[in-house]
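Please read all numbers here as calculations on a predicted model, not as lab measurements. Computation of the quantities below employed the complete heavy-atom set of this structure, encompassing side-chain atoms and omitting hydrogens, waters and symmetry-equivalent molecules. Below, chains carry the letters A, B, ... as their sequence lines are ordered, and counting in each starts from 1.
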Amino acid sequence: MAASFRCVFRRLLRDCMLKVNVVSTHHASKPIYPAYGIVCRCYSDDFQGKSTHFGFETVPEEEKAERVYKVFESVAQKYDVMNDAMSLGIHRLWKDTLLHIMNPLPGTRLLDTAGGTGDISTRFLDYTRSQRERQQRRTIRSQQTLSWQDMTSTPSSNGQQELAESTAVVCDINKEMLKVGKDKAEKMGYSSGLSWVVGDAEELPFADDQFDVYTIAFGIRNVTHIEQALEEALRVLKPGGRFMCLEFSKVSNPVLSSLYDAYSFQLIPVLGEVIAGDWKSYQYLVESIRRFPDQETFKGMIEDAGFFRVQYFNLTGGVVAIHSGFKL
Amino acid sequence: MRLRLPRIAVCSNVLGTAQLINRALYRQLYSSPLDSEYDRLYPGHIPTTPVQKALLAVGSGAAALQNPYRHDMVAVLGETTGHLALVRLRDRMRNDPEGYAILTERPRIRLSTLDLAHLAALPEGSFGREYLRFLDENRVTPDTRADVKFVDNEELAYVMQRYREVHDLLHTLLGMPTNMLGEVAVKWFEAAQTGLPMCILGAALGPLRLSSSRLRTLAASLGPWALRSGSRARCVLSVFYERRWDQSLDELREELGIEPPPPLTLTSTKKANTAHAGLVS
């Protein structure tokens, strides 16, 4: 009940602030509530605004977006290779699980935010296409048992129906990542149903009530103001739409946690240096995972943004969690 | 014994990681936006645990073997495996008056610090003129050396950087071109001189990529000459080259104890530049 009261209050405040946000530029807009992370007001004599975390560093908020951009610009070319090396290929299973939980029907409109190289979108297209084929096979099989009279009398028969096409929009703030994703999709043969848009998760370039499903896979921890990204997600989703977030999370088991920490901190920057020639970006990666809120806290943030029926699924012992919520 | 052997036990990983995280959390509470884990000891420094160094050594070695044009991997291999040799080199430099001057003044060999016009005006046969000729003929510049990242001692990092920058000067002193044969010869000299594991590895594996005729030249004349000169010569890092541009090359060779190079047949400079950048450090 407290959560819903907070929602209403926040929505009221947001409506008042909307006019202010429209005229202000991206960098000047401040969130209503401080972003998750250390708000070092006492240390802010040196810089104008609040500060936030960049891995284990503390940086001014304005700087974080730029630094994250640079990180992904430099890792874009080797992004997929590094994902396979760091997770030993398990990231593919995680993304497949996300699609299985999503279980999209053909004709769904997906917005894949921070979609980068397009892994989720291509999986989505595969899934909906195979679902479509299954549907078609089912209708053909059912039609085979109809009598001659029934077949001629039904008005919509033999593929005259309007089949809605599933579409996926890949949105990312980083042009390098989109470029890599576009080339990859072309090579894999995805020509229709995909579009590539440059956009900021905190300020999406789409109208309200556009999409059936909103996903953000391994991207939300890089956003400076997570609450803003959640509110934008709520805005662009249709009523009945689903929000899904795949992100690294907290491992509760202490033995697994210490193994995971040792692996992350000792091996991943080394892999980054050897494979991609970039130590610092992968050090940022493992640090940013540690700074992200745990499953319950993030669930609370999603509920605060206005989503209902929020639940999470732990994968690989909590290394990764899928959070899901609905806009009603 | 200052070198810590890498321990692979999980508990030490955890301890090291716990310390790393504790330090990081401490920094999180008290850091300013300009403070960073990096660049503590010198610009470009990245602190690493012994486990990370061991993994880096193995990984960079494998990457360098698989793709010899990964110059950064050769550099990382040198940094992570060279601690003992760097300490020995630094002590040799300290015991030499000129080397001590280098360690205190820290000169860097870069295009910005070299006066190319002055070098061009020097007489033929002088060290500076020959060095400039070497740079022009082989189309290399001294600015392509990677910065040192993983050495956890500021002075040793400078010794490593000096070793990389002196490599071109060694080519001039030994009279070797930048093709594969010349590079291997210089590597043998450096291995005998410095004892860096990366030089020894490069010296051992470099000949595998040579043609049989060049291999014969290496085995017959170049190789023994390089090893002899390397073991007898004075420490080449201890020489303040920046003050010796106008010295005659032959005189400098005699002073350092380097025998005059055996005559080489004219070799092509195809792939010379990439080989040159790859085999240094």
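- Across all their heavy atoms, A:E273 and B:K149 have their closest contact at OE2-NZ, 3.0 Å.
- At least one donor-acceptor pair under 3.5 Å links the side chain of B:Q52 to the backbone N or O of A:F265.
- Contact record, B:G59 with A:V274: O-CG1, 3.6 Å, taken as the closest heavy-atom pair.
- Within 6.0 Å of the NZ atom in A:K280, the count of heavy atoms belonging to other residues, nucleotides or ligands exceeds 12.
- With a threshold of 4.5 angstrom between heavy atoms, A:L271 does not approach chain B through any atom at all.
- Atom CD of B:E105 has more than 12 heavy atoms from other residues, nucleotides or ligands within 6.0 Å.
- If you measure heavy-atom distances from B:L55 to chain A, the contacts under 4.5 Å come from both the backbone and the side chain.
- Aromatic ring centroids of B:F150 and A:W279 lie under 6.0 Å apart.
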